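Structure first, commentary second.
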Amino acid sequence: MLNKITSIFECSRVFSLPMTFMSWFVIFIYSALQGGNILLGIIALIGLCFAHLAANVLDDYFDYKSLIKQVNFDKKEYLRNSQKTKCRYIISGKVKAYEILIIAFVYLILGGLIAGFLFLKCGIGVIYYTLIGLLIVLLYSFMSKARLSELAIGICYGPALFGGVYYVMTRTYSWDVFLLSIPTMIITIVLLYIHTIMDYYFDINEGHRTIANSFSTPKKSLIVLKILLFAAYLYLILLCILDILDWQVFFVYLTIPLAIDLYKSMKEFSTDPESIPEKKWFHFPMENMMNAPSFMMRIYQSRNLLIYFALFLCAAIFLGLGL
């Protein structure tokens with residue numbers, strides 16, 4: 001039973017949940033300081049996690065269906081060459097395709113039950129945000145094939161997540177909340193974008209059109225990564241100008257060395273995809289490398305940048321609004 005549960009978590013890519021948790025934590029702290037309902041905010045987090053996991057497994061399922069339709073698809077060759085964690089467990093036969101659909105269905109049902117409860121407690125706004133999230137969960141795999149994955153992630157982890165959690169906790173809407181969502185939204189997009197850079201050739205072979213592979217080489221696609229990182233830190237100044245947060249927001253600038261480290265790591269990858277970054281103390285946490293250390297270390301670098309970025313932003317919110 002324990003092995004089965006572990007397999008389900010592995011298939012669901014539980015390691016990616018900090019994306020949802022850290023974005024949620026920022027708006028949770030902000031909403032709590034505005035007098036929001038803490039318990040409802042925590043319940044909303046559980047629903048968001050189910051939606052995230054459902055999106056992960058559905059994305060894998062649709063990618064798998066797309067792969068096996070290719071005339072030249074060779075299962076053994078794919079498993080030997082693919083550095084991705086996606087689809088491997090289906091292609092290898094560890095999990096059946098129909099089981100993936102069942103897992104996704106269970107996640108969606110559990111998330112739907114939570115959304116229904118929050119609707120009864122908070123009002124019609126929950127339905128609006130839930131529908132936005134549901135549409136992206138169901139359509140994400142198709143959007144990712146049309147250079148729209150960054151847009152989907154931006155909507156989900158920006159205005160939808162921040163606005164939805166704020167509404168659940170305070171039962172009100174706020175433009176300030178949408179503006180507050182932008183920095184962590186950009187850093188979350190960075191996590192997705194470095195994934196597409198490292199999957200540059202895989203995505204081309206599998207018919208995925210991404211922003212990264214619209215450039216002639218992975219190295220040239222790094223210009224977008226540089227713009228995203230620069231925009232995330234520059235935008236923090238705007239939060240001060242708009243009086244949404246105070247000067248404490250500049251504590252987030254302490255994470256700039258991590259952003260530079262990530263960019264250098266991706267620059268090295270664009271030259272040598274097999275290179276493994278030197279592990280440093282600030283790279284913590286880094287768990288299961290899934291037999292792909294070059295790939296997973298950079299995923300963890302990006303994920304950890306999001307973690308530290310969000311934690312410093314939470315500290316800035318607490319110091320500026322809570323004291």
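Everything numeric here is computed off the predicted structure, so don't read it as measured data.
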Do L45 and I109 belong to the same hydrophobic cluster, where Ile, Leu, Val, Met, Phe, Trp and Tyr are linked whenever their side-chain heavy atoms lie under 4.5 Å apart, directly or via other members?
no
F230 atom CZ, neighbour heavy-atom count above 12 within 6.0 Å:
no
Spacing of L239 atom CG and I317 atom CD1 [to the nearest 0.5 Å]
9.0 Å
Report yes or no: do T255 and Y233 form a side-chain donor-acceptor pair below 3.5 Å?
yes
V165 side chain near L48 side chain, heavy-atom distance below 4.5 Å
yes
Do Y263 and I260 have side chains that get closer than 4.5 Å, going by heavy atoms?
no
For S294 and P273, work out which heavy atoms get closest and say how close.
OG-O, 2.6 Å
Assigning hydrophobic clusters by single linkage (Ile, Leu, Val, Met, Phe, Trp, Tyr; side-chain heavy-atom cutoff under 4.5 Å), is Y235 placed with I256?
yes
I38, CD1: over 12 other non-hydrogen atoms inside 6.0 angstrom
no
Heavy atoms only: give me the nearest L262-Q301 pair and the separation to one decimal.
CD1-CB, 3.9 Å
Are side-chain heavy atoms of L40 and C122 found at a separation under 4.5 Å?
yes
Look only at the side chain of Y107 and the backbone of L53, and say whether a donor-acceptor pair between them is shorter than 3.5 Å.
no
Using side-chain heavy atoms (C-beta onward) and a distance below 4.5 Å, is K121 in contact with V126?
no
Of all heavy-atom pairs between Y129 and A160, which one has the smallest distance, and what is that distance?
CD2-O, 3.5 Å
Where S181 and P159 come nearest, the two heavy atoms and their spacing:
OG-N, 3.7 Å
Which atom pair, heavy atoms only, marks the closest approach of L138 to F62?
O-CE1, 4.3 Å
I299 backbone acceptor or donor facing S302 side chain under 3.5 Å:
no
Do L258 and F309 come within less than 4.5 Å of each other through their side chains, counting heavy atoms only?
no
Ignoring hydrogens and geometry, is there a side-chain-to-backbone donor-acceptor pair from Y200 to S270 under 3.5 Å?
no
Single-linkage hydrophobic cluster, 4.5 Å side-chain cutoff, V252 and L254 together:
yes
Minimum heavy-atom separation for P293 and I276, please, with both atom names.
CG-CD1, 3.7 Å
Taking the side chain as every heavy atom from C-beta outward, state whether D176 and L242 have any atom pair closer than 4.5 Å.
no
To the nearest 0.5 angstrom, please state how far the CG atom of L306 sits from the CE atom of M185.
12.5 Å
Look at the side chain of R303 and the backbone N and O of M286, then say whether any donor-acceptor pair between them is shorter than 3.5 Å.
no
Heavy-atom neighbours of K219 NZ exceed 12 at 6.0 Å:
no
Would Y173 and Y167 count as a close aromatic pair, with their ring centres under 6.0 Å?
yes
Below 4.5 Å, heavy atoms only, C-beta onward: do L101 and L58 meet side chain to side chain?
yes
Atom pair CD1 (I197) and CZ (F215), whose distance is rounded to the nearest 0.5 Å:
9.0 Å
Measure the shortest side-chain to side-chain distance between N304 and P285 over non-hydrogen atoms and say whether it is less than 4.5 angstrom.
yes
List, one per line, each side-chain donor-acceptor pair under 3.5 Å for residues 16-36, sequence neighbours excluded.
{"residue": "S16", "atom": "OG", "partner": "R13", "partner atom": "O", "Å": "2.7"}
{"residue": "S16", "atom": "OG", "partner": "H52", "partner atom": "NE2", "Å": "3.1"}
{"residue": "S16", "atom": "OG", "partner": "N56", "partner atom": "ND2", "Å": "3.1"}
{"residue": "T20", "atom": "OG1", "partner": "H52", "partner atom": "ND1", "Å": "2.6"}
{"residue": "T20", "atom": "OG1", "partner": "Y157", "partner atom": "OH", "Å": "2.9"}
{"residue": "S23", "atom": "OG", "partner": "M19", "partner atom": "O", "Å": "3.1"}
{"residue": "W24", "atom": "NE1", "partner": "G41", "partner atom": "O", "Å": "2.9"}
{"residue": "S31", "atom": "OG", "partner": "I27", "partner atom": "O", "Å": "2.7"}

Closer than 4.0 angstrom, basic N to acidic O: yes or no for R209 and D203?
no
Calculate, to the nearest 0.5 Å, the distance between atoms CG and OG1 belonging to L118 and T130 respectively.
7.5 Å
Judged by modelled atom types alone, do S265 and R298 share a side-chain donor-acceptor pair under 3.5 Å?
yes
Output yes when a side-chain donor or acceptor of N37 lies under 3.5 Å from a complementary backbone atom of M169, and no otherwise.
no
Rounded at 0.5 Å granularity, tell me how far CG in L192 sits from OG1 in T188.
9.5 Å
Regarding T196 and D199, is there a side-chain donor-to-acceptor distance under 3.5 Å anywhere?
no
For the CZ atom on F282, are there more than 12 heavy atoms of other groups (residues, nucleotides or ligands in this structure) within a distance under 6.0 Å?
yes
To the closest 0.5 Å, what do you measure between CE (M143) and CG (L148)?
5.0 Å
